[in-house]
Amino acid sequence: MPGLASFLIENDGSYSEKTIEHYRLRAAGGPAMIIMEAHGVAPEGIGSNHQARIYDDRFIKDLSKVAAVIKREGSVPAIQIHHAGRQVPFRVINRKPFAPSILPCPAIKGDVDPLDIKGIKKIIKQFGDAAERAVKAGFELIEVHGAHGYLINQFLSGFSNIRGDEYGRNTAGRTRFAREIIGEVRNRIGPDFPLSFKISAQEFVPNGLTTEESIEILKLLVKEGIDVVQVSAGNDATPEWICQPMFMKQACLVDSAAKIKAAIDIPIMVVGRINDPFIADDIINEGKADLVCMGRGLLADPELPKKAQSGRFEDIRICIACNTCMQSIFRKGRIECLVNPSLGREKEMEILPSDHPRKIMVIGGGPGGLNVARVAAMRGHHVSLFEKHSTLGGQLLIASVSSHKKEMQSLINFLISQINKYNVDCHINVNVTIETIKDNNPDVVVIATGSTPSIPEVTGAEMPIVCTALEIFNGKKWDIKTAVIIGGGATGCEVALDLSEKGCNVTIVEQLSKVGIQMEAITRKMIKKLLTKNNVRILTECRLSKISEDGAFIEHKDGKELFIKGDKIVITVGNRPVNDLYDQVKKLGIEAYQIGDCVEARSAKDAIYEGAMIGKSI
Ligand SMILES: Cc1cc2nc3c(=O)[nH]c(=O)nc-3n(C[C@H](O)[C@H](O)[C@H](O)COP(=O)(O)OP(=O)(O)OC[C@H]3O[C@@H](n4cnc5c(N)ncnc54)[C@H](O)[C@@H]3O)c2cc1C
Ligand SMILES: Cc1cc2nc3c(=O)[nH]c(=O)nc-3n(C[C@H](O)[C@H](O)[C@H](O)COP(=O)(O)O)c2cc1C
């Protein structure tokens, strides 16, 4: 398990019970080694208020606790030491962040404080002090974070380091800071203590690192005493290469790692979208890397290694790279996972057997219904699930149709395999009415009937030219040459991308000033890039005013009208709940709950979470 900021660290840097349980669970899941998240070596080196810290002896107590817990569960406890450099807002550290040069972080912006030689030497010593503390705390490997656009990476890269002194100028000069850190750490931990270096071997920016230059850098660092390299990618301008979204290929950094492995004589670890044990196995068998790191894969399912080891592949809850984890960190200051509602609240979400098994009827076979059925059945309840269509998955099935989101299917497969495993009595092609519920005589009813696309009340909305995302993705073979998408949210952008990739000429009409506002930032960046590549026209601050039989009339906020011709007008302006059963069931006096989109149309993440909450409390 590579470094993964848990966002379970208190503001003063201490670990809570949640932090320890988070790591205990992951260690118990069977990975060979857990590299704990980035720990700041200096107060000015933290990247956020929730960052883990190792810049003072007072942190050793908590560090020792978690190292011991990881070891007790059978995994090697390792720790990453880190300095954020310019990649931290002023407000977090109350001063201008340090950087190699005057160049600010492209994401955070704001002035930086270029380091002088005295400042450089101080940070080198801070890395040494941190390493000594890590050894004292019982860790068995230390990783120096040289990747992801943080301070060491900033020095290594011509993108961020334009110094004219001995810490800049060329590859050797830019590597000097990292070399001196490794030298200092090595001196402090002794010759035999395992030392790793994480590198963004490719940055995908002008003057940035390439695999070839990274090989030169690593050769210098091997001489200073690193024992193993973790190959990653991306920096503060290219976060899509740090946490690759589902729009990128699985195992997309393996070629870079294989080149490094061929050039360097120490073991190589590789990270990046390795979410499937079979892919991991192939990487090792083909000799492309010596160790495989699974990050988000272990957030999604901490037990992945053990399940793979024992051949229980259908029980693995695969990470779909939706980056909900990143989005929740940045927008909410806590970590969440779409597929694993327990992430970050493992104790409170524990699934315990029920004392009173009851007869539970779940209505709707979307992600919400499937998950409530799974959790309730795991607890020993007698669960039957009813779905009006012939397939399970609800809207998620539609979501997984477009070429970039096929992996969402793995979530549906997981949920279906689990309801089968726990003997949920599944009825498809049954449109449940209040009569069906009376006939079944359940103790508890859970309504998970989802939502349906909203259609705006404009002239022409009922014409055959109008359709929804469901019809675009439901497998019908449309012959659409031009399409107008009304609504530039996530669904509108995905429909636009799908159609444009099939050669359709697409215009998105959005009433806000930007498209994809609610989307996770990295995914939005990727999708916007792809829309531009496919020449999708984006009209913002425009509203649909009328539909005719060959196009849509649009009104710009300044009052200008325009007509856009299209074979199809695809309406993606949101959904409205489908829920006419809840009140009727309540009137019968039966215990009833409603979850997911049928309460308010939102996301699969909400539906799955609410399913877990109700499933564990009934
Ligand atoms: C194209 C597209 C892309 C999306 N992408 C994402 C994404 O990337 N991330 C994300 O989090 N969310 C995404 N969503 C939204 C997500 O799919 C929904 O929020 C989620 O599926 C809601 O789950 P649910 O179980 O509440 O309802 P639904 O998925 O709507 O399932 C409800 C089910 O109940 C059944 N049903 C309804 N009435 C009855 C009845 N009377 N009897 C029996 N069965 C009944 C329906 O047939 C349906 O199968 C996407 C949606 C679409 C359309
Ligand atoms: C929530 C989150 C926190 C992360 N924190 C760290 C970190 O502390 N140190 C680090 O080196 N990488 C961090 N990363 C990057 C991961 O270690 C890994 O390189 C990346 O997620 C790609 O691998 P994966 O596809 O297996 O998740 C983080 C990623 C995520 C999603």
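Position 1 is the first residue of the sequence, and the numbers go up from there. Predicted model only: the values in this text are computed from it and were never measured. One-based numbering, in listed order, for ligands and for the atoms of each.
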Query raised in the report: Would Ser410 and Asn413 satisfy side chain to side chain donor-acceptor pair (under 3.5 Å), going step by step from the backbone distance to the final call?
Result: CA-CA 5 Å; Ser410 69; Asn413 294 346; over 6 Å; no

Report task. Could you walk me through whether Glu240 and Arg524 pass the salt bridge (Lys or Arg N to Asp or Glu O under 4.0 Å) test, one step at a time? Result -> CA-CA 10 Å; Glu240 66 277 20; Arg524 181 175 58 230; over 6 Å; no

Requested in this report: Determine, step by step, whether His404 and Glu494 satisfy the side chain to side chain donor-acceptor pair (under 3.5 Å) criterion, reporting the C-alpha distance in whole Å, the side-chain angles of both residues, the deciding distance to 0.1 Å, and the verdict.
Outcome: CA-CA 9 Å; His404 300 286; Glu494 283 167 24; over 6 Å; no

Requested in this report: For Thr324 and Cys337, run side-chain contact (heavy atoms from CB on, under 4.5 Å): C-alpha distance rounded to whole Å, both residues' side-chain angles, the deciding distance at 0.1 Å, then the answer.
Outcome: CA-CA 6 Å; Thr324 294; Cys337 174; 5.7 Å; no

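Annotation for ligand 2: atoms under 4.0 Å from non-hydrogen atoms of Met294 are 26 (O). In summary, the atoms of ligand 2 found under 4.0 Å from a heavy atom of Arg273, numbered by their order in the structure, are 24 (P), 25 (O). Per-residue contacts place Phe473 under 4.0 angstrom from the following atoms of ligand 1 (heavy atoms of the residue considered): 1 (C). Taking every heavy atom of Gly596 and a limit of under 4.0 angstrom, the matching atoms of ligand 1 come to 26 (O). Per-residue contacts place Ser451 under 4.0 angstrom from the following atoms of ligand 1 (heavy atoms of the residue considered): 30 (O). Near Ile242, the atoms of ligand 2 lying under 4.0 angstrom from a non-hydrogen atom of the residue are 20 (C), 22 (C). Close contacts between ligand 2 and Arg296 involve ligand atoms 21 (O), 24 (P), 25 (O), 26 (O), 27 (O), 31 (C) [criterion: under 4.0 Å to a heavy atom]. Close contacts of ligand 1 with Lys405, meaning ligand atoms under 4.0 Å from a residue heavy atom, involve 3 (C), 4 (C), 5 (N), 6 (C), 7 (C), 8 (O). If you number the atoms of ligand 2 from 1 as listed, the ones under 4.0 Å from a heavy atom of Gln244 come out as 22 (C), 25 (O). Within ligand 1, the atoms closer than 4.0 Å to a non-hydrogen atom of Ala604 are 10 (C), 11 (O), 12 (N), 16 (C), 18 (C), 19 (O), 20 (C), numbered from 1 in the order shown. Atoms of ligand 2 found under 4.0 Å from any heavy atom of Met326, numbered from 1 in the order shown, are 1 (C), 2 (C), 30 (C), 31 (C). Remark: ligand 2 atoms within the under-4.0 Å shell around heavy atoms of Lys198 are 10 (C), 11 (O), 12 (N), 16 (C), 17 (O), 19 (O). Taking every non-hydrogen atom of Glu494 and a distance limit under 4.0 Å, the qualifying atoms of ligand 1 come out as 3 (C). The Thr449 neighbourhood of ligand 1 comprises atoms 32 (C), 34 (O), 37 (C), 38 (N), 39 (C), with distances under 4.0 Å to a heavy atom of that residue. Numbered from 1 in the order shown, with element, the atoms of ligand 2 that lie under 4.0 Å from a heavy atom of Cys325 read 31 (C). Close approach to Asn431 involves these atoms of ligand 1, each under 4.0 Å from a residue heavy atom: 40 (C), 41 (N), 42 (N).
Using modelled atom types, one finds no donor on one side chain facing an acceptor on the other under 3.5 Å when comparing Asn575 with Arg602. For the residue pair Glu407 / Asn275, a side-chain donor-acceptor distance below 3.5 Å is found, with atom types taken as modelled. His427 and Ser384 share no side-chain donor-acceptor pair at under 3.5 Å. Side-chain atoms of Thr433 and Thr436 form a donor-acceptor pair, as typed in the model, at a separation below 3.5 Å. The closest side-chain donor-acceptor pair between Glu143 and His82, if any, does not fall under 3.5 angstrom. Side chains of Asp276 and Gln250: a donor-acceptor N/O pair is absent below 3.5 angstrom, by distance only. No donor-acceptor contact under 3.5 angstrom links the side chains of Gln230 and Ser196, judged on distance only. In the model, Ser451 has a side-chain atom that pairs as donor or acceptor with a side-chain atom of Gln395 under 3.5 Å.
Only the backbone of Val430 comes within 4.0 Å of ligand 1, counting heavy atoms alone; no side-chain atom from C-beta on gets that close. Counting heavy atoms under 4.0 Å from ligand 1, residue Ile363 touches it through the side chain alone. Counting heavy atoms closer than 4.0 Å to ligand 1, residue Ala448 contributes backbone atoms (N, CA, C, O) but none from C-beta onward. Neither the backbone nor the side chain of Ser402 comes within 4.0 Å of ligand 1, counting heavy atoms alone. Heavy atoms of Asn275 found under 4.0 angstrom from ligand 2: none, in either backbone or side chain.
Within the structure, ligand 2 lacks Gly297 among the residues with a heavy atom less than 4.0 angstrom away. Within the structure, the closest approach of His82 to ligand 2 does not fall below 4.0 Å when heavy atoms are considered. For Gly272, the closest heavy-atom approach to ligand 2 falls below 4.0 Å.
The protein heavy-atom contact nearest to atom 18 (C) of ligand 2 is Val271 CG2, 3.7 Å. Of all protein heavy atoms, the one lying nearest to atom 15 (C) of ligand 2 is His148 CE1, 3.7 Å. Among all protein heavy atoms, the one lying closest to atom 53 (C) of ligand 1 is Gln395 OE1, 3.7 Å. Summary of contacts: the protein heavy atom closest to atom 3 (C) of ligand 2 is Ala5 N, 3.2 Å. Looking at atom 1 (C) of ligand 2, its nearest protein heavy atom turns out to be Ile329 CD1, 3.4 Å. For atom 8 (O) of ligand 2, the closest non-hydrogen atom of the protein is Ala38 N, 3.1 Å. Of all protein heavy atoms, the one lying nearest to atom 35 (C) of ligand 1 is Glu387 OE1, 3.2 Å. Counting only heavy atoms of the protein, atom 9 (N) of ligand 2 lies nearest to Gln80 OE1, 2.7 Å. Nearest protein heavy-atom contact of atom 18 (C) of ligand 1 is Asp597 OD2, 3.5 Å. Given atom 14 (N) of ligand 2, the protein heavy atom at minimum distance is Gly3 O, 3.4 Å. The closest protein non-hydrogen atom to atom 26 (O) of ligand 2 is Gly295 N, 2.8 Å.
Taking a cutoff of 4.0 Å between a charged side-chain nitrogen and a carboxylate oxygen, Glu346 and Arg26 qualify as a salt bridge. Between Lys288 and Asp282, none of the side-chain N atoms (NZ, or NE/NH1/NH2) sits under 4.0 Å from a carboxylate O, so this pair counts as no salt bridge. Look at Lys587 and Asp583 and you find no salt bridge, because none of the NZ, NE, NH1 or NH2 atoms lies under 4.0 Å from a carboxylate O.
Nearest-heavy-atom check against atom 30 (C) of ligand 2 across Val231, Leu4, Leu343 picks out Leu4.
In this pair, His50 and Phe7 present their aromatic rings tilted. The plane angle is within the 30 to 60° band.
Ligand 2 has no N or O atom lying under 3.5 Å from any N or O atom of Gln230, backbone or side chain. Between Gly368 and ligand 1, a contact under 3.5 Å exists for at least one N or O pair. The distance criterion of under 3.5 Å between nitrogen or oxygen atoms is not met by Gly393 with respect to ligand 1. Of the polar atoms of Thr491, none of the N or O atoms is found under 3.5 Å from an N or O of ligand 1, judged by distance alone.
Side chains of Phe247 and Leu497 form a contact here, defined as non-hydrogen atoms less than 4.5 Å apart.
There is a protein heavy atom less than 4.0 angstrom from atom 49 (O) of ligand 1.
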